[in-house]
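First the structure, in the form of structure tokens, and then the observations on it.
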Amino acid sequence: DTGVSQDPRHKITKRGQNVTFRCDPISEHNRLYWYRQTLGQGPEFLTYFQNEAQLEKSRLLSDRFSAERPKGSFSTLEIQRTEQGDSAMYLCASSLVLGGPPLSTGELFFGEGSRLTVL
Amino acid sequence: KNEVEQSPQNLTAQEGEFITINCSYSVGISALHWLQQHPGGGIVSLFMLSSGKKKHGRLIATINIQEKHSSLHITASHPRDSAVYICAVNTRGGADGLTFGKGTHLIIQP
């Protein structure tokens, strides 16, 4: 297994266009997380899945954003009608969390990120 | 005020120096993570800890739950250690993602 992979690594689009990012987690990991990072800031939580279920969404995830993990494996993050403020690095991470209360992400393995530039 | 504060924001040191990066948090946590981010974006998890101390190679992470404080130490620093080091916490009762600090930009000069 080569780790968490994200595609595309870079995306330049015009304002108003839709974009979709894909994340392939480590195959045995049940948790998948999406984060957004703007220049000079730490990442911010967007949403996460346990298997195919989307269990939590941040207030940052407006109705233009949608994430799916249909078969509990890869995930997509779609941004509709992009705005310049959406320009950021979109990071995906996965982990394996077994049993117990969901109070920890477990050790996270991150992808290289997908950098979005909205012109 | 951010829930996770790191200091210093920037640190430049000479090769071989002992490095300490600090992280303070203001919320109850279930775990604290130290992450390393290189230019280009890739993030690597260094430590996940909820008490005590962990060591991996030249890296040491400690946490004091009562004081809500953690430190990351690098011994015998090397230019390849140059990166952004990020502290992040799992908050109790919050969204089950991580809350991140803004990171410490470390440069080790030869």
Side-chain angles (χ1 to χ4, degrees), chain A residues 2-6 8-11 21 26 29-50 53-61 67 88-97 100-116, chain B residues 1-10 21 23-25 27-51 54 56 59 61 63 65 72 83-106:
Chain A
T2 55
V4 179
S5 61
Q6 293 188 242
R9 293 289 312 278
H10 302 275
K11 178 71 177 179
F21 300 115
I26 293 173
H29 284 183
N30 55 354
R31 293 273 189 98
L32 187 148
Y33 295 82
W34 285 102
Y35 296 93
R36 182 173 70 185
Q37 185 177 27
T38 53
L39 201 61
Q41 302 295 316
E44 298 170 296
F45 169 73
L46 292 179
T47 188
Y48 90 96
F49 295 83
Q50 176 142 325
Q54 188 174 18
L55 296 189
E56 194 75 41
K57 292 197 294 185
S58 163
R59 292 190 308 272
L60 294 173
L61 215 66
M89 175 76 85
Y90 290 85
L91 294 161
C92 175
S94 70
S95 67
L96 179 63
V97 179
L103 291 180
S104 172
T105 55
E107 182 182 6
L108 289 174
F109 293 79
F110 285 81
E112 293 291 315
S114 293
R115 184 172 295 282
L116 173 65
Chain B
K1 188 179 190 305
N2 290 334
E3 292 178 324
V4 180
E5 296 277 355
Q6 287 186 236
S7 64
Q9 285 188 301
N10 297 284
I21 299 171
C23 175
S24 296
Y25 52 92
V27 294
I29 70 168
S30 57
L32 182 142
H33 302 247
W34 281 103
L35 308 166
Q36 180 191 57
Q37 186 171 31
H38 281 283
I43 293 179
V44 174
S45 175
L46 299 175
F47 296 103
M48 184 179 78
L49 65 165
S50 55
S51 64
K54 286 190 176 181
H56 181 69
L59 301 177
I63 187 169
I65 296 295
L72 175 69
V84 176
Y85 291 84
I86 303 172
C87 171
V89 299
N90 293 111
T91 58
R92 291 188 181 279
D96 201 23
L98 291 175
T99 301
F100 294 80
K102 291 188 176 182
T104 295
H105 190 191
L106 174 66

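- The residue among A:Glu44, A:Arg115, A:Gln37 with the most heavy atom pairs within less than 4.5 Å of chain B is A:Gln37.
- Within the 4.5 angstrom heavy-atom criterion, no atom of B:Gln6 approaches chain A.
- With a 4.5 Å cut-off on non-hydrogen atoms, A:Leu46 does not touch chain B at all.
- By number of non-hydrogen pairs under 4.5 angstrom with chain B, the leading residue of A:Ala93, A:Gly113, A:Gly42, A:Gly111 is A:Gly42.
- For B:Ile86, the part lying near chain A is the side chain, with the backbone staying farther off; criterion is any non-hydrogen pair under 4.5 Å.
- Taking B:Leu49 as the reference, B:Leu32, B:Trp34, B:Phe47, B:Lys54, B:Ala61, B:Ile63 meet the side chain to side chain contact (heavy atoms under 4.5 Å, CB included) condition, with sequence neighbours excluded.
- Across all non-hydrogen atoms, the minimal contact from B:Ser45 to A:Glu107 is OG-CG, 3.6 Å.
- The only option from B:Ile43, B:Leu98, B:Thr99, B:Leu35 that meets the side chain to side chain contact (heavy atoms under 4.5 Å, CB included) definition with A:Pro43 turns out to be B:Ile43.
- The ring-ring contact (aromatic ring centres under 6.0 Å, His included) test applied to B:Phe100 returns A:Tyr35, not counting sequence neighbours.
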